[in-house]
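First up is the structure itself, then whatever we jot down about it.
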Amino acid sequence: MLRSHFSKEVSENDYGKKIRIAGWIEDIRNLGGIAFIILRDRMGRAQITIIKRMNPELFKEIVSLPRESVISAYGLCQKNEKVMNGWELLLEDMEILSKASTPLPMGVIDKVNVDFDTRLDNRFIDLRREETKAIFMIRHSFIKHASDFLRKRGFIEVHTPKITASSSEGGTEVFKLDYFGKDAYLVQSPQLYKQILMATGFDRVYEIAWYFRAEEHDTSRHLNESTAIDIEMAFISNEEDVMKIAEEMTNYTIQKILDENSKELEILNVDIDLPSLPYPRIKYDEVVEILQREIDFKWGDDLGTDEENLLAKHLEYELYFITKFPLETKPFYAMPNGKYARAFDLEYKGMEIASGAQRIHDYEMLVNRMESLGMNVKNFEDYLKAFKYGMPPHGGFGYGIERFLMRFLNLKNIRECILFPRDRKRIRP
RNA sequence: GCCCCGGUGGUGUAGCGGUUAUCAUGUGGGCCUGUCGAGCCCACGACCCGAGUUCAAAUCUCGGCCGGGGCGCCA
């Protein structure tokens, strides 16, 4: 290997021994007779020290390398209290693995701001920065712990198709593509497939899913390609069973991130407490009441950005459910309950991060509902078939990964939470 | 789709009719044996594209392209 240790793996046991470290040259401080090279790897930084008169050729070679070049450095690991990590590597030999071109399209540690757009254009360099890296380490943790939680609760991980022939389940615009001469679409969510799976006996499934949405929205909280934790569970009494999973999963992952990612949270300046369970449930009717005290709002309207923000201002908690929506604000598959739907949104600081419901499991009821909404039932044959031969009561939710992270980390733009964002203007890199 | 704002060295900016186009960062070179936002000296490098107004345009007008903020739209 080109390294014997990562920067943070070196311990007192290694003092006085020869080690090999490898990574990117973040900075070179050449004082003439002595030079300090700051080398960065995935775990952190280390200092390489070289004295000119000990090896003039090697000295010249290393101090003339451009920043961000990749090297493997070999030498004595020497204890030194004054240096970062408490030790430094006295350079004896090095291998230049990749010389960086100059100038860099953006700095990694430069003392100037970089526009977000420039960062996205050069994402591979942006990801060398501590703050950016921290976001994705936390994203990694969130997905891992959400998966762990769901698996412990009996959920099976599934992967449903992202290309489909039937048009959308409604609402959002879809991306159309050519499938060997036939029309096909990128799925807007695994909704129809995970419901079909409820007829199989798996009972509980989850998917780290991709959502493709062709909406021309252009905001700091929308993406045209986003990811979600999608779950569906059968034999539920009502939507409350689903909400329990949503809130417990959220608290479980927050607790784990607090335990395991304190370094990243500190870098991102995030200081939060674990919310208490259960999260408050606010009925849509109560929301209307609160809103009507201040603005003109009609019962039956959907909640827009302003409404969500206004509501959040009136509440002293950050995570809460909005429940019992008017039936007409929710999609066809939501289970009716009088003029309401057995549907809920999970809101985090005034933004919807998850949305779910108990679904209709009765074939006749589902067909009637679709017809009353003017939908072409024929387009949903494959989906509806699963309801004819034994379908238990079920429900589930879609939980936006970027949305959660954006709120959890107080980020201003959802694009911060996905490696290579796809929005209306950006399809590269 | 609507409203508002902006495009100046690699990066981030100042300038808003006549400047040698500002500053920082960076890059290249020089000095320096304990730096850790190293320091000091020298150099390099830019007005998005097109048309127009004007004696004169980075600066004003129009169009285009690109971007930012907000809203709408959006399981």
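Within every chain, numbering begins at 1; the chains are lettered A, B, ... in the order of the sequence lines, protein sequences first and strands thereafter. The analysis underlying the following values was restricted to heavy atoms, covering all of them including side chains, and did not include hydrogens, waters or symmetry mates. Note that the structure is a prediction, hence the values are computed from the model and not measured.
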Under 4.0 Å, heavy atoms only, any strand: does A/Asp27 hit a base, just the sugar-phosphate, or nothing?
sugar-phosphate
Crowded around A/Lys8 NZ? As in, over 12 foreign heavy atoms under 6.0 Å?
yes
Starting at atom CG of A/Asn413, determine the distance to atom P of B/rG70, rounded to an integer number of angstrom.
8 Å
Would you indicate what A/Asp230 reaches in the nucleic acid, counting non-hydrogen atoms under 4.0 angstrom: base, sugar-phosphate, or nothing?
nothing
Distance check, C1' atoms only: B/rA14 and B/rU53, in whole angstrom units.
26 Å
Is the shortest distance from a Lys or Arg side-chain nitrogen in A/Arg139 or A/Glu264 to a carboxylate oxygen in the other one below 4.0 Å?
no
So, A/Glu416 and A/Arg119, do they make that salt bridge, N to O below 4.0 Å?
yes
Residue closer to the 5' end of RNA chain B, A/Asp117 versus A/Leu65 (nearest nucleotide)
A/Leu65
Identify whether any heavy atom of A/Asn80 sits under 4.0 Å from a base atom; if not, whether one sits that close to sugar-phosphate; answer base, sugar-phosphate or nothing.
base
A/Val112 has its side chain closest, among B/rC71, B/rU11, B/rG70, to B/rU11
Can you check whether A/Lys425 has a side-chain N or O nearer than 4.0 Å to OP1 or OP2 of B/rG68?
yes
Using a cut-off of less than 4.0 Å, is there contact between a side-chain N or O of A/Arg29 and OP1 or OP2 of B/rA38?
yes
Does A/Tyr15 have A/Lys79 sitting over its ring (NZ/CZ under 6.0 Å from centre, angle to axis within 45°)?
no
Under 30°, 30 to 60°, or over 60°: which ring-plane class applies to A/Phe142 and A/Tyr399, parallel, tilted or perpendicular?
tilted
Salt bridge or not for A/Asp110 and A/Arg67, using N-O below 4.0 Å?
yes
Determine, for A/Glu157 against A/Arg151, whether the closest basic-nitrogen to carboxylate-oxygen distance falls under 4.0 angstrom.
yes
A/Thr118 side-chain N/O to B/rG12 phosphate OP1/OP2 under 4.0 Å
yes
Please give the distance between the C1' atoms of B/rC66 and B/rG50 as a whole number of Å.
15 Å
Sugar-phosphate only, base, or nothing, as touched by A/Phe116 at under 4.0 Å among non-hydrogen atoms
nothing
Whole-Å P distance, B/rG12 and B/rU27
16 Å
With a 3.5 Å cut-off and just heavy-atom distances, do the side chain of A/Glu88 and the base of B/rG34 make a donor-acceptor pair?
yes
What integer number of Å spans the C1' atoms of B/rU13 and B/rG1?
33 Å
Quick one: is A/Asn113 getting a side-chain N or O under 4.0 Å of the B/rU25 phosphate, OP1 or OP2?
no
Contact list please: residues 43-63 of chain A against RNA chain B, heavy atoms, distance less than 4.0 Å, in numerical order.
A/Gln47, A/Ile51, A/Arg53
Has the side chain of A/Glu307 got a donor or acceptor atom that lies under 3.5 Å from a matching backbone atom of A/Gly304?
yes
Report the distance from atom CZ of A/Phe36 to atom C1' of B/rG34, rounded to the nearest whole Å.
4 Å
Value in whole Å for how far the P atom of B/rG30 lies from CD1 of A/Ile28
14 Å
Does the pair A/Glu239/A/Lys324 count as a salt bridge with the N-to-O cut at 4.0 Å?
yes
Pair A/Asp27 + A/Arg40, salt bridge at N-O below 4.0 Å
no
Walking RNA chain B from its 5' end, the first of A/Ser64 and A/Lys330 to be reached, judged by nearest nucleotide, is A/Ser64
What is the distance, rounded to the nearest whole Å, between atom CD1 of A/Ile25 and atom P of B/rC36?
19 Å
A/Asn85 CG to B/rU35 P, in whole Å, measures 17 Å
Does this structure show an ion pair linking A/Asp126 with A/Arg129, if we count only N-O contacts that are shorter than 4.0 Å?
yes
Write down the distance separating the C1' atoms in B/rG29 and B/rG64, rounded off to the nearest Å.
43 Å
Below the 4.0 Å mark, does B/rG72 have OP1 or OP2 next to a side-chain nitrogen or oxygen of A/Thr305?
yes
Determine the Euclidean distance between corresponding P atoms of B/rG6 and B/rC60; express it in Å to zero decimal places.
10 Å
Side-chain ion pair, A/Glu207 and A/Lys162, N-O less than 4.0 Å:
yes
Examine B/rG70: is either OP1 or OP2 under 4.0 Å from a nitrogen or oxygen in the side chain of A/Thr219? Give yes or no.
no
When you compare B/rU8 with B/rC16, how far apart are their C1' atoms, in angstrom units rounded to a whole number?
12 Å
Runs of at least three consecutive pairs that involve RNA chain B, where pairs are Watson-Crick or G-U with distances under 3.5 Å
B:1-7 with B:65-71, B:10-12 with B:23-25, B:26-31 with B:39-44, B:48-52 with B:60-64
When rounded to the nearest Å, what value does the distance between P atoms of B/rA43 and B/rA38 take?
23 Å
Nearest-Å distance for atom pair NZ/P, residues A/Lys82 and B/rU33
16 Å
Name the nucleic acid region contacted by A/Arg424, choosing base, sugar-phosphate or nothing; use a 4.0 angstrom heavy-atom cut-off, strictly under.
base
side-chain N/O A/Arg221 vs B/rC71 OP1/OP2, d < 4.0 Å:
yes
Gap between atoms CZ and P, on A/Arg67 and B/rA38 respectively (whole Å)
7 Å
Taking atom P of B/rG10 as reference, at what distance in whole Å does atom CG of A/Asp115 sit?
14 Å
